[in-house]
Every structure is written in C-alpha cells, then in structure tokens.
Amino acid sequence: MNVVLGVTGGIAAYKAVEITSRLKKAGFAVRVIMTRAAQEFVTPRPFAELSGERVVTSMWDDCTERHVEHIALADWADLLLVAPATANFIAKAAVGMADDMLTTVLLATKAPVMIAPAMNTDMLNNVATQKNIALLKERGVMIIEPAAGVLACGAVGAGRLPEPPTIVGEVKSFFDRRDNGVRSELINDCNGKLAGKKIIVTAGGTIAPIDPVRFIANRSGGKMGVATARAAAGAGANVVLVTGNITVALPTEPNIRLVSALTTDDMLKAVLAEFANADAVIMTAAVADYRVKDYSPQKIKKKANSFTLELVKNPDILRELGQQKQPGQILVGFAAETENLAEYAKRKLDEKNLDFIVANDVSRKDAGFDTDTNAAVIFYADGRAPEDFPLDSKDKLAGRIIRRLAEFF
Ligand code: C5P
C-alpha cells in the first residue's frame, strides 16, 4: 500500500519523521512531500533516509524519474496523509488552492485523504478553521482529531498532534476497513463459489544459485502474486501462497498459508505436494527457466578475465501440472512478454493445458515488474473471445482474475 505523507510547517513536523519510520515498518511504501515552511522545522534528510525515497520539496525540483510529478504522485497514492496539517494548509485545502506541491497533489489525487490538524488552541477554535475542517469532513476527508495537552506555545488545550503510533494506527485501520469492504464485495461477486476452495498461488521469481553468495534472479517482486493470493483469500478460498524471491510484504490473512520455495525445483516440489486436493493453481510466479549446471559449494574466486556459466533447463511447473490435472481442477498461467503477446500467450495456454492465461506486456512502463499497476489480456481455452483488462492497480486486476476463476466453479 502506498502512502503519500504531506508534512506542513508546524512545530510537530518533527513527529512526522517517526510517522514515516513507523509506516515503513508496518509495510507501507511512503513518499514524503514537505512544504517550504515544514523545512524550517526539519530537513528533508531524515524523511529521505527513512522512506528510502527522494523527498519532494518543491514544484520545481529537477525530476528525472517522473514526467509530471504531481500527477504521478497523486496516482501512486492509495492514501494521502497530511500530518501535521497547519491552519494555513487546511484553509488552502478547503478552497481548493494549488500553490505548492502538496496542495497540487491534494487537488489531483483520487485517493482518500486523511489529515491530522495540529496548531495552537485558539487557532484551532477559530471559526474560520472550524468551518474549513467541517467543509473538508463534508467532502469525505478523514480528520484525525487533535489531542489536548500542553502546546509548544505554552498554552494548554486541544491542538497537539496525536502521537505517531496513534496516527499510524488510524492509517492501518483505514486500510483494514477498506480491505474488508473489498472482501465482502468479492465474496458477493463470486457468489461464494470460492469459499473453502483450496487455491495454490505462486508469487515472485525463482532464483538460480551460482555459489553460496550469488544467484541469478529476475525482476519479479511478487506484487501481482501477493495481490492475487489476497484477492482469492478475500473471496473466501483457503490459499497456499508459494513464494519465490519476493520484495513485497507477506500477507497476514488467516486463510493464506505461506510456503517458501526459492528455486524452481523447490517450487515444483512445493506445488506438487499441495496439488492433489487443490481446486485451482494460479502460477503468477516468474519461474526461472534455467539453473546453473554446476553449483559451486564454495564461493567462486575472481581469477580469469572472463567466466562462463553453463545453464541447464529447469522443469516447467505448469506443464507438469497440466499433465497431472484432473477434471475439476483449474489451471491459470501468466505470460509476461515483450513482443507477440497474443501469439505466445495462446501457445502457452494450449501447450500447458491451461484453462486461462493472463498475458501482460512487460515492455510497458506502467505495467509488469516493479509497478503497482498492470494491464492484461485474458485468453481462455474454452474458445471465448479474449478479454482486455485496461491499466489498473494490481489489486483490482487480481480481483478481476479471481472473479473470472470463480465462474469455473
Ligand atoms: O513458458 P513461460 O515461462 O513463459 O510461461 C509462463 C507461465 O508458466 C507462468 O504462469 C509461469 O509461472 C509458468 N512457468 C512454470 N514453470 C516454468 C516456467 C514458467 O510453471 N519453468
């Protein structure tokens, strides 16, 4: 989940450093936007260190990563959190001004917005501020109520920024509420057909070890696989999630059992061990097609100027499952291609004896590896016309795949 954290210029800006750290530890990806005034209280450095990302401090930074940065950030966010939110920021938000990066992203984003007002009690109680907060609430902005206590200015009353664990707790419970909503929607849409079904999902890439310290890997981080496992669990299935090399946080749903399998051989064994009584397998993993022929049990030392590794073919897990599959078992494959998408995907559908295949063009910037969004075409074995799923979040695409899977039961 992606949180854009806006930090405005109040004395409590220092607490936003801890909020960043706690959000990261809780598994969120965080991008920080600081207003100019916020930088008078804290420098961008601790935010950059803790978020692992460049901090956005102005509309006019040279930015090589993104085209139109405010729109990219607005789209990237699953939640825009502003903590602390000053009276000035709240006033600008209420009238829809966009005179800096934070207010511009606020106007551009479709993501839910949560703000934590923090200021002197009199400023907070001022009719103007109260009206602005009420207006934002009316528009659906979530307000984290300020705490009471001794304020930086010496006054005693409401206006303190709640402690970072409280704010991060609000963020977590927002996502929990949202996920529960998505889950009940999924169960409804699937008519309960996946409830209690055993579904194996694979995620991430498998690796080919070279020696104890080196391996060959691919760019899959496991986002699509984990999203698919969560969607299947959300629809009521009992999921076995077999993970290769993944960079995303592991899901914690009680109906997802985790199995780790780093190499293709391990993944084959793990999947086969679960297959006999499984109702469906979704092979989202980017399985390494080759392994190193002679694994060196000792670290290979640097000697010659060139070095050749011999690779041998790995088993094809899906093809194996396709041969073993019994009536009633559904097999879903993925095809990540950079060219001839339809032709290659249809060939795999056929050769691996799949029920459907989700094909995505990984040469696109906004789809495939390392992105939160994906676009795909599903090809079916039953002769149905291929179905296009335009660019959307991986969570949403996973939900659509699971709805299609439910139709087979
Ligand atoms: O043949 P290709 O690797 O492109 O096929 C992709 C699909 O097959 C994916 O669903 C992937 O998880 C699966 N696969 C597999 N075993 C392999 C290679 C790919 O199960 N050795």
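What you see is a predicted model; the values in this text were computed from it and never measured. Each ligand, and each atom within it, is numbered from 1 in the order the structure gives.
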Ligand 1-proximal atoms of [X], by part, heavy-atom distance under 4.0 Å:
{"X": "K348", "value": "side chain"}
{"X": "D289", "value": "side chain"}
{"X": "P315", "value": "backbone"}

Can you tell which of R347, K352, E337 gets a heavy atom nearest to atom 2 (P) of ligand 1?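 It is K352 that holds the nearest heavy atom.
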
Please state which option from E351, K313, M283 has its nearest heavy atom closest to atom 10 (O) of ligand 1.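 Heavy atom nearest to atom 10 (O) of ligand 1 belongs to M283.
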
To which protein heavy atom is [atom] closest, and what is the distance rounded to 0.1 Å?
{"atom": "atom 6 (C) of ligand 1", "value": "F334 O, 3.0 Å"}
{"atom": "atom 15 (C) of ligand 1", "value": "D316 OD1, 3.4 Å"}
{"atom": "atom 20 (O) of ligand 1", "value": "L318 N, 2.8 Å"}
{"atom": "atom 16 (N) of ligand 1", "value": "I317 N, 2.9 Å"}
{"atom": "atom 11 (C) of ligand 1", "value": "A285 O, 3.4 Å"}

For N314 and ligand 1, answer yes if some heavy atom of the residue is under 4.0 Å from a ligand atom, otherwise no.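 Flag not set, N314 not near ligand 1.
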
Going by heavy atoms, is M267 under 4.0 Å from ligand 1?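 In this structure, M267 fails to qualify as a contact of ligand 1 - no heavy atom is under 4.0 Å.
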
Salt bridge flag under 4.0 Å for residues R404 and E407: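 Looking at R404 and E407, the cut-off is met.
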
So, K137 and E145, do they make that salt bridge, N to O below 4.0 Å?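 Between E145 and K137 there is a salt bridge, with a charged N closer than 4.0 Å to a carboxylate O.
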
Any idea which atoms of ligand 1 are less than 4.0 Å away from a heavy-atom of G333?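 Those of ligand 1 that fall under 4.0 Å from G333 are 10 (O).
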
Side chains of T103 and D100: is there a donor and an acceptor less than 3.5 Å apart?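 Indeed, the side chains of T103 and D100 share at least one donor-acceptor pair under 3.5 Å.
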
Heavy-atom distance under 4.5 Å between the side chains of [X] and [Y], does that happen here?
{"X": "T35", "Y": "F89", "value": "no"}
{"X": "I144", "Y": "M114", "value": "yes"}
{"X": "L151", "Y": "R160", "value": "yes"}
{"X": "V3", "Y": "F175", "value": "yes"}

Any chance NZ of K396 has more than 12 other-residue heavy atoms, nucleotides or ligands included, within less than 6.0 Å?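 Incorrect, the count does not exceed 12.
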
Applying ring pair (Phe, Tyr, Trp, His ring centres under 6.0 Å), which residue pairs with at least one partner in residues 376-409 are found, sequence neighbours left out?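 As it turns out, the ring pair (Phe, Tyr, Trp, His ring centres under 6.0 Å) pairs with a partner in residues 376-409, which skip direct neighbours, are F356-Y380, F356-F408.
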
